[in-house]
Structure formats: C-alpha cells, structure tokens
Amino acid sequence: MIKAQTLKAAFISFMLFAVFLGAWQLATLPKDSTTLAAADAEYAALMGKGAEKTDGFPPPAKVGRAFVEYLSDPFYDKGPNDKGIGIQMAHSLARVGLGFLLAVIVALPLGFLIGMSPLLFQAFNPFIQVLKPISPLAWMPLALYSLKDSSISGIFVIFICSIWPMLINTAFGVAAVRRDWINVARTLEVNPLRKAFLVILPAAAPTILTGMRISMGIAWLVIVAAEMLVGGTGIGYFVWNEWNNLALPNVIFAVVMIGVVGMGLDMIFGALQKLVTYRE
Amino acid sequence: MDNPFDPNVTLHAGCNCGHHASQAEHELAETEALNRRVIETTVMKALFPRDAERRRFLSVVGASTAWAAISSLIPFGTLEAMAQEKGALEKKDLKVGFIPITCASPLIMAEPLGFYKKEGLNVSMMKTAGWALIRDKVLNKEYDASHMLAPMPLAISMGVGSNASPTNVMTIQNINGQAITLAMKHKGNRDPKNWKGFKFAIPFEYSMHNFLLRYYLAEHGLNPDTDVQLRVVPPPEMVANLRAGNIDGFLGPDPVNQRAVFDEVGFIHVLSREIWDGHPCCSFALPTEFVKQNPNTFAALYRAILKSAAMARDPKNRSIMAEVLSPANYLNQPKAVLEQVLTGKFADGLGNVKNVPERVDYDPFPWYSMAYWILSQMKRWGYVKGDVKYKDIAEKVYLLTDAKKYMAEVGMTPPKETMKKFKVMGKEFDPAKADAYVDSFAIKKV
C-alpha cells in the first residue's frame, strides 16, 4: 500500500519535471532577432551575430551541457580564479562546517546554562532578541574591518547566523525537560554533571537537533551570499564569477548544485534527529 | 651577452675569464664590480670637485689608505646595496588583487607572459568582487599589491573613506578606456541636459569614473549631487543592472561598456577620451610599508609591471591579449568583446562601426599633474575639506621618481617633466593653479 503510493508519487514528480522542462523549452524557443536590423555585415560580426552567444534565457539543452561539462571534471584547477565545482563546494562546505562547529561549541553549553536557570534566561533574553533578527551579512563589513581577514570573516558570519536557533532551541529543550525526571534524579542524589549528561541531554536532544537542523539550513543559505560578497573561492564566488560573464547556464547549474547539497545536509540532520527521538 | 653563434665563445662550462662557473655568473660578478665602480666614482667626484686635487691626495697618502679613510666616512657597502637592485628578494610569493576589467591588462598579462617569473616572483592573481574589498584586503595585508583606481591610493593615504594608511602608486595601469554607456531606451535622448532624474552607476566613490561623470554632467548644467542619482555598483555587475532597468546608464570601465553593446542592452554614448584624452584610470598600488620592508621585491615587481605595460602599448599585441585575457581565470568575457575594446574597432550599439585605436592605452607614467587634478575634483565635490596640499600628497603617493628610474632600466623613455597641462572638455587645467581651477566652476559642493 505504502509502496504503491511511493511509486505514484515518484511518477507524479517525474511528470511535473517533464512538464516544467517542456514549458521551459517552449518559452526559450529561438526568436528571429529583429532588433537592430543592421545590414552592415561588419557590424553584425562585431555584435557576435552568427556565432553562438548568450541571447536571452538559455534553453534546457544548453543548461544540460553545462551540467555535463562541469560534472565530468569537478576537480580541475586552472589558477586561483578558476577551479572545478568540486573544489568550490569543498571550500564552501569547509567554511560552513567550521563556522557551524564553532557555533555548536558556544551555543550548546550556553543554551544549557540558560535553560537550567530561569534567572539567566531572563538576563540573556533581551540580548538574544536584539541580535537574533540581524541579517548575518550586515555583520560582514564589521567583521572585515575588525578581523582583518576575509576568510575568517566568512566563517564568522556563518557562526553568527547559526548560533541563534541552536541557542534558543537548546535553552527551550533544556527548560522543557519534565520535572518528574529531574525530581527523580534529585531523589537519587545524582551529581549535577551526571544529571546534565544522562537525564537532561537525552531528554532535550530532539529539540537541540531541531535547532541544529534549522541552523545548518540558514548557514547554507548565508554562505552563498557571503561568498558572493567576499569572493575568492566557494560556490558563491562561482555564481558571482559566472554572473559577471552573464553565463546563465552555469549560474543555473550552480543554483541546482546548491539545492542538492543543501538537501543532502538537511537529510543528514534529519537522520540524526530520528536517531535521538524517543517515545514517551 | 656574447653571441651564441660566435665559434670563439664558450657557452658551457666556465666563463671567458675562467674564474667563474658559468658565463652568467661571470656577467653577474662583472655587473657587481661595475656597480661598485660607479658608486665609488660618484663619491670621489663629489669629494674632490677638481680632479687635480684628487690626484694629489691619492699620490700623497696612497690609494689603499685613501680608500680606508673615505670608506670610514662614507658607507660604500650600504650605497652599493641600495644601488644593487638585483639583490635577494625579501618576499617571493605575492598576492596581487585585481578587478576583472581591461584596465588590469598589464598586471594580469605579466603572469602568462612570465614577467613575474623572470624576476623570481611567484605571483597569484586574485580576482576580487569590488573596490571596497580591494581596499580592505590591501589594508588587511591579505594582498601585497593590487590593482586600484587612480584616486584610491590618494584617498587611502589621506584617510578619506578609509583609515589613513600610506599607500603608493607605482604605475598608472591604463589611460582612457572608459565610456558612458546608456540603456537602449535612451537612444533618442543623447543630450545630457535632459538627463535630470537619471540613475547612473559608478564603480566606486574614489574613482576617475565618478569624477569624470560629475565633470561631464556639470559641464552640461546638471548638478550631480541633486539632479541625478549616482550609485556605486561593482563593474562586473553593471550590465546585469542595466539589463534589469535598475540604472539608466553608467560611466564604467571596459569591457563592461562593450559587453552592454554586445548583449544589446546599451549603447556607447561617449568614450572617456572625448572627455579628457589621456586621463588615468587605474593604477598599480601597494602599501608604503611594503616598499620599505621589501625594497628588492618592490624593484622586481616594478620591472615586471613596466615590461608588461610596454608590451601592452604595442597595437600588434592587442589581439593576442584579448585571447589570453578571455578565460574564466582572468576576465571571463567573450574574446570578441575584449578584442573590440583593445583594438579600438568596435560596434557602438547604434549600428555604427567605429575605429578608435587610442580607445585604451597603457602608458604607465604617473604624472603628478594627474594626482593634482584628482585632488582638485575631490575638493570640488566635497570629499576633502579645507586646504589641500597638492604638492605634498602627490609627491608622497605617486612614485614618479622610481617610475622614471625603472622605466629607464627596462629600456623605456620616461618623460623629463613631472607635470603637464592638459584639457578636460576643452578647459585647460594648470596644476600650478589648482585651487583657482576649483573656484572657477559654477557647479560644485564646497
């Protein structure tokens, strides 16, 4: 029953994709270029007429060619400004990973602390509420100015954007642990460290992982924008570089790749979440 | 070097005199000895203006005593080290920033042509997303040297729009090579008097583009601060913005102008050489601190850049340059576009083919008068307040003396003067009367 439904869903997904491709193809059918009907052959040559050139939105076949071209050689390195998609992705993932890890190191202990003490929660709350809605990219000029290094600034921006969901969720998860369990631990005279790791952590884990999952999603959104700003390496830089050349097939390729990798990251955290979920 | 086709010359194993391992070493030793001689001669000439006195002195005390006496007063060793530019490089791995525009051609071309390598430098060319980032990365020492707009080192040195940090211009990268490009919908509206309310893009506040566009608009009676909107947009993003209708036009660098034509979103209204023929645009700049700490690397970099500029000036090389600059690692633009910019035979977007070989040129000489004009405009538009010490700033920032020296070294002929008068839209600029020049404009913001 369930299998049949999966098959049906897959079929519908496939049909949707086919319709989308068909509509795309129809919309980008080559039109007769009537603009600038310069009879002058020399002028036409200078305008790149006759030769292949970026004219309007690219048809699916052209984008497909970009896919084949980049995926067949993902790790080429032609100097500091032209590297394969694999290398660019690795740079972006490394930045996200590092920033995210730093955020975990700060957010989890702090979240625990805030969650266990209502007093601290109230004291920290105004700061969290003010800092949380700031767009991470707004930090970029400040980071560049004070950290004096563009790649560290990129990591800092990831750090600052992924810390809030984790912090809030950890605090909330810890605060929402059932009183009965803590009371039982108290009756058994469990020391505070054991209580934190053996009672509260497993109980709050699903909420904490939800926070981490949200954080990772945001971090992956932000890295692209940050790299477009700072440049150098990474998938965001790749998009920017291809935008300069108005090479839309390559931009579309990069956009799809960003989506695929983002989905992969989300699936990893989804699996982790399943792992720690418990039934009461 | 000896003629390798001369049967009497040994090329391998040892040199002519037999004292050195190879001919190259022999020649190096010879130049060193020659350098020493030149310095010693200069010092002796200075000490004894009359030759008879020098001869009498030497014959009385003896040559070796005289040398010891004089060298205790004058540090021959240091002088030699200063004169010897081929000394050990302090830093070999350099990062040089650039913006992907044709202004950067000389500093980029030096890499594929091996000019950096020949000087023993290992240079990574770093493509950068915008001028503000170039400024930050140079100030943060992420880049050792960089492609900068000609006014940027002046502004950074003065602390205008930046922390004050002494920065030097080694060479001008290019002269001319910019244009005012307008969106296709303004095809019939070529008179600047009707441009009230237009939105123009410029690459940076401290750019020739900003100052030239302001000048151009003001000459046509528009106040650039109140009548139009000037927006900072990084050059590579200008075409996309023009296509999207965010802006009505821009005074931008090439190949962006030609790319707008190529993509049929804009047309070239005027080339910047029609505003000021021979205006500087970009420069090759580096922090003063770097020059002080790495004098030999600095000299090597200078030679590489100047050789590349000399190459880029030659019209014969322009087609090949277009080909080399086109890939994604450098400018990432179609070759057809770059070729039109570099050869000066281009489509203007209105159906005409124009032939302007001097559309862009790569004269590296950093005239002080260029800095004077830039400063005068910074004063005119209120970027600097109060008195401007034209002479001090220009001479501190533009390394004209060094440029002369190294130009002579690589076989170019630098001009003798340091200033010249020139005309901007028919109005003469005399660097000696820069302040009067600023006062003479009706539209200004002082």
Side-chain angles (χ1 to χ4, degrees), chain A residues 33 35-56 70 76-84 140-153 226-233 236-248 250-251, chain B residues 95-101 111-112 123-130 132-133 135-137 139-143 163 184 234-240 243 256 258-259 261-265 267 326-337 339-340 345-354:
Chain A
S33 159
T35 52
L36 284 170
D40 194 345
E42 192 182 21
Y43 185 78
L46 287 177
M47 292 297 283
K49 289 280 152 61
E52 195 175 327
K53 99 177 226 200
T54 53
D55 222 10
Y70 281 103
Y76 72 86
D77 187 351
K78 294 185 199 152
N81 307 311
D82 187 13
K83 295 184 202 296
M140 191 55 108
L142 279 179
L144 267 178
Y145 185 86
S146 49
L147 297 172
K148 297 194 182 300
D149 187 293
S150 56
S151 56
I152 296 179
S153 302
E227 282 168 348
M228 284 179 87
L229 237 110
V230 178
T233 47
Y237 169 75
F238 182 88
V239 172
W240 179 82
N241 200 11
E242 294 307 329
W243 179 30
N244 289 347
N245 194 13
L246 299 175
L248 290 188
N250 300 350
V251 172
Chain B
K95 278 194 176 167
V96 173
F98 74 97
I99 298 278
I101 51 179
E111 197 200 15
V123 173
S124 310
M125 306 298 311
M126 310 304 289
K127 198 192 283 191
T128 312
L133 205 60
R135 175 198 63 205
D136 289 350
K137 287 194 171 187
L139 290 179
N140 293 348
K141 314 236 165 4
E142 273 183 64
Y143 293 163
N163 279 6
M184 255 344 195
E237 293 161 24
M238 283 175 172
V239 178
R243 182 196 284 276
V256 176
Q258 199 60 47
R259 185 65 201 257
V261 171
F262 193 71
D263 278 32
E264 292 170 31
V265 295
F267 65 93
S326 161
N329 194 30
Y330 298 133
L331 300 189
N332 202 13
Q333 288 286 340
K335 188 190 158 212
V337 170
E339 204 163 15
Q340 292 182 55
K345 186 177 175 205
F346 64 94
D348 68 350
L350 297 169
N352 313 308
V353 175
K354 295 209 172 163

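Chain letters run A, B, ... following the sequence lines, proteins first, then strands; residues in each count from 1.
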A.B. asks: Tell me, with the steps shown, if A:Tyr76 and A:Asp82 meet side chain to side chain donor-acceptor pair (under 3.5 Å).
C.D. replies: CA-CA 8 Å; A:Tyr76 72 86; A:Asp82 187 13; 3.0 Å; yes
A.B. asks: Closest approach of B:Gly349 and B:Met184, non-hydrogen atoms and distance?
C.D. replies: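 In this case the closest contact between B:Gly349 and B:Met184 is O-CE, 2.9 Å.
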A.B. asks: Checking the side chain of B:Gln340 only, and the main-chain atoms of B:Gln258 only, is there a donor and an acceptor separated by less than 3.5 Å?
C.D. replies: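 No; judged by distance alone, with no hydrogens or angles, the pair does not exist.
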A.B. asks: Go through the atoms of B:Gln333 and report whether side chain, backbone, both or neither lie under 4.5 Å from a heavy atom of chain A.
C.D. replies: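 Both backbone and side chain.
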A.B. asks: Measure A:Leu147 against the heavy atoms of chain B and call it side chain, backbone, both or neither at under 4.5 Å.
C.D. replies: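 The answer is neither part of A:Leu147.
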A.B. asks: Determine whether the aromatic ring centres of residues A:Phe238 and A:Tyr70 are separated by less than 6.0 angstrom.
C.D. replies: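 Judged by ring-centre distance (under 6.0 Å), A:Tyr70 and A:Phe238 do meet the cut-off.
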A.B. asks: Go through the atoms of B:Val239 and report whether side chain, backbone, both or neither lie under 4.5 Å from a heavy atom of chain A.
C.D. replies: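 For B:Val239, the contact with chain A is made by the side chain alone.
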A.B. asks: Below 4.5 Å from any heavy atom of chain A, which atoms of B:Phe98 appear? Answer side chain, backbone, both or neither.
C.D. replies: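 Side chain only.
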A.B. asks: Mind checking what makes salt bridge (Lys or Arg N to Asp or Glu O under 4.0 Å) contact with A:Lys148, not counting sequence neighbours?
C.D. replies: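 None.
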A.B. asks: With a 4.5 angstrom heavy-atom cut-off, is it the side chain or the backbone of B:Ala336 that approaches chain A, or both, or neither?
C.D. replies: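 Interface part for B:Ala336: neither.
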A.B. asks: Sort B:Pro234 into side chain, backbone, both or neither according to what part of it lies under 4.5 angstrom from a heavy atom of chain A.
C.D. replies: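 No part of it gets close to chain A.
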A.B. asks: Side chain from CB out, backbone as N, CA, C, O: work out which of these in B:Lys137 comes under 4.5 Å of a heavy atom of chain A, or both, or neither.
C.D. replies: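 For B:Lys137, side-chain heavy atoms alone lie under 4.5 Å from chain A.
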A.B. asks: What pairs with B:Asn140 under side chain to side chain donor-acceptor pair (under 3.5 Å), at least two apart in sequence or on another chain?
C.D. replies: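 Applying side chain to side chain donor-acceptor pair (under 3.5 Å) to B:Asn140 gives none.
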A.B. asks: Strictly distance-based, threshold 3.5 Å: is any side-chain N or O of B:Lys127 a donor or acceptor partner for the main-chain N or O of B:Tyr330?
C.D. replies: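 Side chain of B:Lys127 to backbone of B:Tyr330, a donor-acceptor pair under 3.5 Å: yes, one is there.
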A.B. asks: Does any heavy atom of chain A fall under 4.5 Å from the side chain of B:Asp136, the backbone, both, or neither of them?
C.D. replies: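 Side chain only.
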A.B. asks: What option among B:Val337, B:Leu331, B:Asn163 has the most heavy-atom pairs under 4.5 Å with chain A?
C.D. replies: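 Top count of heavy-atom pairs under 4.5 Å with chain A: B:Asn163.
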A.B. asks: So what's closer than 4.5 Å to chain A heavy atoms on B:Lys345: side chain, backbone, both or neither?
C.D. replies: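 For B:Lys345, heavy atoms of backbone and side chain both lie under 4.5 Å from chain A.
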